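Written out below as structure tokens is the structure these notes cover.
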Amino acid sequence: MTNGSRILIKNSLGRDFLGRDGGGLNINGNGANRSEGGSYVVTGGSFYVAYDPSFNAAVTTPTNGASNGDEMLSYFTLADPTLNSFNPINKNGERYEYQVANASPDGNKYVFAPAAKVTFRLNDGNATFADGTGKDKVRDTVRGYGLGFVAGTSDVGTPVDAAGVKFLGWFYKDASGTERAFDFSTTEFDADTDVYAKWESKTVACHNGNGVNYIQSIAASEGSATALSYEDVVEALPEFAVAGKTFEKWTATSGALSDELAAGSALAFTGDATQVDVCAQFDTDIYRVAFSANGGTFGADSVFRKNPDIFTIEADPALGGEIAVVTRGVAYNQKLSEVLGSFARGQITPTAAAAVKTGLKLGNDTYWFTNAAGTEGNTHFQDMFGGWVPGANPTFTAGATYCLAWTPDANTPVMDFETELPADLWG
């Protein structure tokens, strides 16, 4: 639909029930069944819907069609409901016409269009926004237009530095890398853009190598600054820490082999330089993933003994017996299948472990457990029921040990003995 207004049928949650497939409208669905070649294309019109981008977005979110790059669109309310059309920029960098002559029943115009994300950064660890907060602020608008083009994008205002450093204004860099002053009323955004605060100061920029920076402002008259400790930076900006990694040292460049800059050392501003960069270097945390015989030992036919390039069998210091450790270890957010490589995780079954424990038999030949009692975290790595229930492929954010469960073996003979020990208890 390229013009006019559309009211969509909603369910009890207020989400639309109108979609579009290759043959036209589909009232019975809740969007596009893309797995069967369906599509949901919007290049015009006002959509009076309760749209939630976090709810089944792959189905309920329209695109702008193949000629415009077929990208997923964002939902906006136009600030000026008198507009009959506008021209957003598609992912190919080209403008296309979006007609919206008729408003929705409430008088507003609600459109699906490509988005430009604008992130405001203070660039000063001592500064706060006008509302007293210090975290980056994100505003969205229709790509190709300013923030005021859509409703709900208020100006972030003038930030304040706690030490009284003068704010010089908001700036951004255009596609050519040229720095330009930002103006809420006139600046238009053709792409996702960082808008940063500038201060009448020198700065120490601490980089974590993962897209998070902590900026320390220094008086413009100073010739040097003192390097902060990693703990100080993380206390001021918790997201500076990198999950799954341990801080090693500061360096002057991004190379891990660069000389260390010790916390408390002097950082000189040489020549006309107004910024010193400090890079955090991290060691990757490696977690231990293991399969315990839970007091038993692995036999010669054990899957762990037959694959010594994958597993290392050790004495289990916690439960006794033996434990098979994944030799490579796992990194943060790494899946078991990634660590095992070509070795299929479905081979790791209690039966294939071929373990024995005197007087006991396997308590469960399907599941491993995360506690020795065999009551928690039951996990199977092999597919079950013909593949209808796939085997677990856990993602690790810490070490993990999977244990076999044991139960008394009724076939083990019980032998009772009585004897006397002569002794003179009274001396």
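All values reported here derive from a predicted model rather than from experimental measurement.
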Greater than 12 external heavy atoms within 6.0 Å of N92's CG: yes
Side-chain donor/acceptor of S229 to backbone N/O of A263, under 3.5 Å: no
Criterion side-chain hydrogen bond (donor to acceptor under 3.5 Å, both in side chains) on D52 and S54, from CA distance to verdict: CA-CA 5 Å; D52 180 355; S54 66; 2.7 Å; yes
Polar side-chain atom of T379 near backbone of G377 as donor-acceptor pair, under 3.5 Å: yes
Backbone N/O of S337 and side chain of N393: donor-acceptor pair under 3.5 Å: yes
Minimum heavy-atom distance R328-V339, with the two atoms named: NH1-O, 3.0 Å
Main-chain N/O of N64 paired with N68 side-chain donor or acceptor, under 3.5 Å: yes
Residues, nucleotides or ligands: over 12 heavy atoms within 6.0 Å of Q275 CD: yes
Expected output: side-chain K109 to main-chain L83 donor-acceptor under 3.5 Å: yes
Side-chain H-bond candidate by donor/acceptor type, T395 with K335, under 3.5 Å: yes
Heavy atoms of other groups near K117 NZ, more than 12 under 6.0 Å: no
Cation-pi, Y145 ring and R95 (6.0 angstrom, 45 degrees): yes
Side-chain heavy-atom pair L267, S224 within 4.5 angstrom cut-off: no
ring-ring contact (aromatic ring centres under 6.0 Å, His included) partner of F120, chosen from Y172, F182, F129, Y196: F182
K357 atom NZ, over 12 foreign heavy atoms within 6.0 Å: yes
Which atom of F282 lies closest to which atom of F240, heavy atoms considered: CZ-O, 4.5 Å
Nearest heavy atoms of G144 and I89, plus distance in Å: CA-CD1, 3.7 Å
R345 side-chain N/O to G391 backbone N/O, donor-acceptor pair under 3.5 Å: yes
Closest heavy-atom pair and its distance - P114, P88: CD-CB, 3.8 Å
Where I348 and F381 come nearest, the two heavy atoms and their spacing: O-CD1, 3.6 Å
